[in-house]
Student: 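Just passing along the structure, written as structure tokens.
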There are 2 protein chains.
Amino acid sequence: MSENRSGAVGKPPTMADVARHLGISRQLVSIVMRDAPGASEETRARVREAARELGFAPHTGARTLRQTRSWTLGVLFVPAHAAEHEIVEAIYPLAAKHGYDVVLSALTDTRGLEASVEELVGHRCAALLLIGAPLEEGLMARLVDRVLVPVVSVGSGARNGDYDVIRSAGDEGMRAAVEHLVSLGHEEIAFVTLDSMPDGPLRRRGYESAVRDLGREVDLVTVPGDYRDDDYFEEAGAAAGLALLERPRLPTAVLVPNDSAAIGLLLTLARNGVRVPQDVSLVGFDDNPMSRLSAIDLTTSRQDPEMLARAAVDVAVRRIEAEPGTVRRTGELVVPTTFIARSSSAEPRRG
Amino acid sequence: MSENRSGAVGKPPTMADVARHLGISRQLVSIVMRDAPGASEETRARVREAARELGFAPHTGARTLRQTRSWTLGVLFVPAHAAEHEIVEAIYPLAAKHGYDVVLSALTDTRGLEASVEELVGHRCAALLLIGAPLEEGLMARLVDRVLVPVVSVGSGARNGDYDVIRSAGDEGMRAAVEHLVSLGHEEIAFVTLDSMPDGPLRRRGYESAVRDLGREVDLVTVPGDYRDDDYFEEAGAAAGLALLERPRLPTAVLVPNDSAAIGLLLTLARNGVRVPQDVSLVGFDDNPMSRLSAIDLTTSRQDPEMLARAAVDVAVRRIEAEPGTVRRTGELVVPTTFIARSSSAEPRRG
DNA sequence: TTGTACGCGTTATCAC
DNA sequence: GTGATAACGCGTACAA
């Protein structure tokens, strides 16, 4: 066993240390670490090796301090939102492709949007990406106003704001779901309203217009309360399930604008002896990892996290690197969803 | 609508700008921003107000560069591990209480442990906290050796390594579960083996020793494959469910060392007409948010994320602030779990 | 409370 | 490829 060295002190090595170690100049080390032109391949190899050996990594703070422009993207996300982690993960390689680093900031119960933004501003991020942030219009407005860098919001946000919005085509996802159910022969398609969710109203409207276009009745199941986090979505779905069970007669299909809620509903129905899809067809939205489980196998519309991340990074980089003169209007970019039919939806029961 | 200013450039303000704006000295602003003594309450208020107004936040890089010691904790986590987000969230306020900032680094498929650690080292973190990192012994050893700061691993890791380990008392949680089931009258208690999970073997041993102590038979349900991520845990549970259903006779109770897997198993049983707890009692481990859903209501042992986070931060801070001479041996800290009886466990079926 | 001075580790730009 | 030098924004020490 190697000697115990936890708690080891000693200052971390600097570029000068690496240079001294190799008997070369400090700026040559800098060139290598930045992948800048001006060093031979052999030198690069030697420098990298020495850096590994000495445990050297360039001081990020010193680098951002000195650099003329920032090469850091600030990403604000909500750890409690399980469905969004894939977006966050996808950002890293995309940012790297453009030459940007990423700094994460978590939005939690004890840490408001303002504290998070201040942290990212402190890191002198070139742009801020908000992933699924619970946006309050007023708060956002003040915030964007205080921040001197472009802001891109993924999954929520007002149109025509001072920031760009990337969102999934929730309305079209709902339309696809309705068309799918109608093609299976469903007449009674209920919809669980989750209007407090970002994009909730949009998805509801997609359902409503699709149902009307196809000559079916709008049937909204409302659940009380504010549902903003994943934990609560499941509860909201469970509550909707109980509401449905109290009806004299179940609809033949239920559409839920969020997979977590759909799963909560599914479990509640199952616990009460209602089989899916034999008794009721169920369709969600998101394509949560859980939805793919064989025991759930939920028909849903997939939000492609990779595409959302790519759109967000692209927009941010374009804003950052835009000529100061060419101030384009902020916009809303809609990313299509993919409808995935699984076994939670089938032909309606008879009677 | 306010004028469009996205893509706005202009350098971010500095302390000097704030000072100039107020007609005071730069270091007075510094004093206020650091909460250091030497400014009147009135001045503090004015400075804070001006900082808000100008959108000023101290340049983190410049600050860490100048400071003699680092006041940053580097947190390495896996966004895909849903169960761990509460630990990450809890770290922020705890670190703040000790005066530390937090920098997050995500471990993803496209981003190895080494890249993440390098990022944190670049930020000159005073210590590294690994949350549920999938640790390979060799990799960890090399890593800890290269990093000059203390490393604390939560939830996994080898004893006697060069880093501190914080983990839950998984063995005792399993014992509590067995005792609970036995007290309900269960004779046949099966255990789903998830040995590839960090702490998996520990929990299995807890089950085995408890079952033997109480005079019951060890009954292990093994599922093939490597299960390290949440997504796979659910599948592993589902696979275990199928394995159980193939038996001529079900045990009266099943113990699963992970809630996600337990839920996968629960769903599989439910889909196949096996009722929980009427036909089979089910006990998990973790107290996932999902386990609390009324439709699932899983009996489990709660890993307290707050306690784990507190232990990790405390150990890290102690290591950081230890006198260079007093090099204490790295250790393993065990945090107790809380057994929570819910409705997924009940008296055994007859026959 | 202010002013002055210095240095943290790096990038950037010279001339060599 | 080297070497010299300036500058980034801030913390810290000291004298006024």
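A, B, ... follow the sequence lines: proteins, then strands. Residue 1 opens every chain. Note that the structure is predicted; figures quoted are calculated from it, not measured.
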Student: For A:A36, which contact category applies under a 4.0 Å heavy-atom criterion: base, sugar-phosphate, or nothing?
Tutor: nothing
Student: Would you say A:R52 has more than 12 foreign heavy atoms packed within less than 6.0 Å of its CZ?
Tutor: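 It does not: A:R52 CZ has 12 such atoms or fewer within range.
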Student: Using atom CZ of A:R20 as one end and atom P of D:dT2 as the other, report the distance to the nearest whole Å.
Tutor: 15 Å
Student: So, taking the atom named CG in A:L143 and the one named CG in A:L130, what distance separates them when rounded to the nearest 0.5 Å?
Tutor: 7.5 Å
Student: Under 4.0 Å, counting only non-hydrogen atoms across every strand here, what does A:S40 touch: a base, just sugar-phosphate, or nothing?
Tutor: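 Sugar-phosphate: the residue A:S40, judged by heavy atoms under 4.0 Å, touches backbone atoms but no base.
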Student: Can you confirm whether the side chains of B:R44 and B:S40 place a donor and an acceptor under 3.5 Å from each other?
Tutor: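 Note: B:R44 and B:S40 side chains miss the donor-acceptor criterion.
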Student: Is any NZ, NE, NH1 or NH2 atom of the basic residue among A:D17 and A:R20 found under 4.0 Å from an Asp or Glu carboxylate oxygen of the other?
Tutor: yes
Student: Between atom CG in B:L28 and atom P in C:dT4, what is the gap in whole Å?
Tutor: 16 Å
Student: Say you draw a straight line from CG of B:L28 to CE of B:M33; how long is it, rounded to the nearest 0.5 Å?
Tutor: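 One finds 12.0 Å between CG of B:L28 and CE of B:M33.
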Student: Could you tell me whether B:E53 and B:R48 make a salt bridge, using a distance below 4.0 angstrom between a side-chain N and a carboxylate O?
Tutor: no
Student: Please give the angle, rounded to 10 degrees, between the axes at the start and the end of the helix from C:dT1-D:dA16 to C:dC16-D:dG1, where five pairs define each axis.
Tutor: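 The end-segment axes of the helix from C:dT1-D:dA16 to C:dC16-D:dG1 are tilted 30° relative to each other.
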Student: At under 4.0 Å between heavy atoms, how does the protein contact nucleotides 6-16 of chain D? Give one character per nucleotide, 5' to 3', with B, S or -.
Tutor: BBBBBBB----
Student: So, A:R111 and A:S116: side-chain donor and acceptor under 3.5 Å apart, yes or no?
Tutor: yes
Student: A:S25 side chain N/O closer than 4.0 Å to the phosphate oxygens (OP1, OP2) of D:dG1?
Tutor: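 For A:S25, the contact criterion (side-chain N or O under 4.0 Å from OP1 or OP2 of D:dG1) is not met.
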Student: What's the shortest heavy-atom distance between A:A95 and A:L73, and which atoms?
Tutor: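 A:A95 and A:L73 have their closest heavy atoms at CB-CD2, 3.8 Å.
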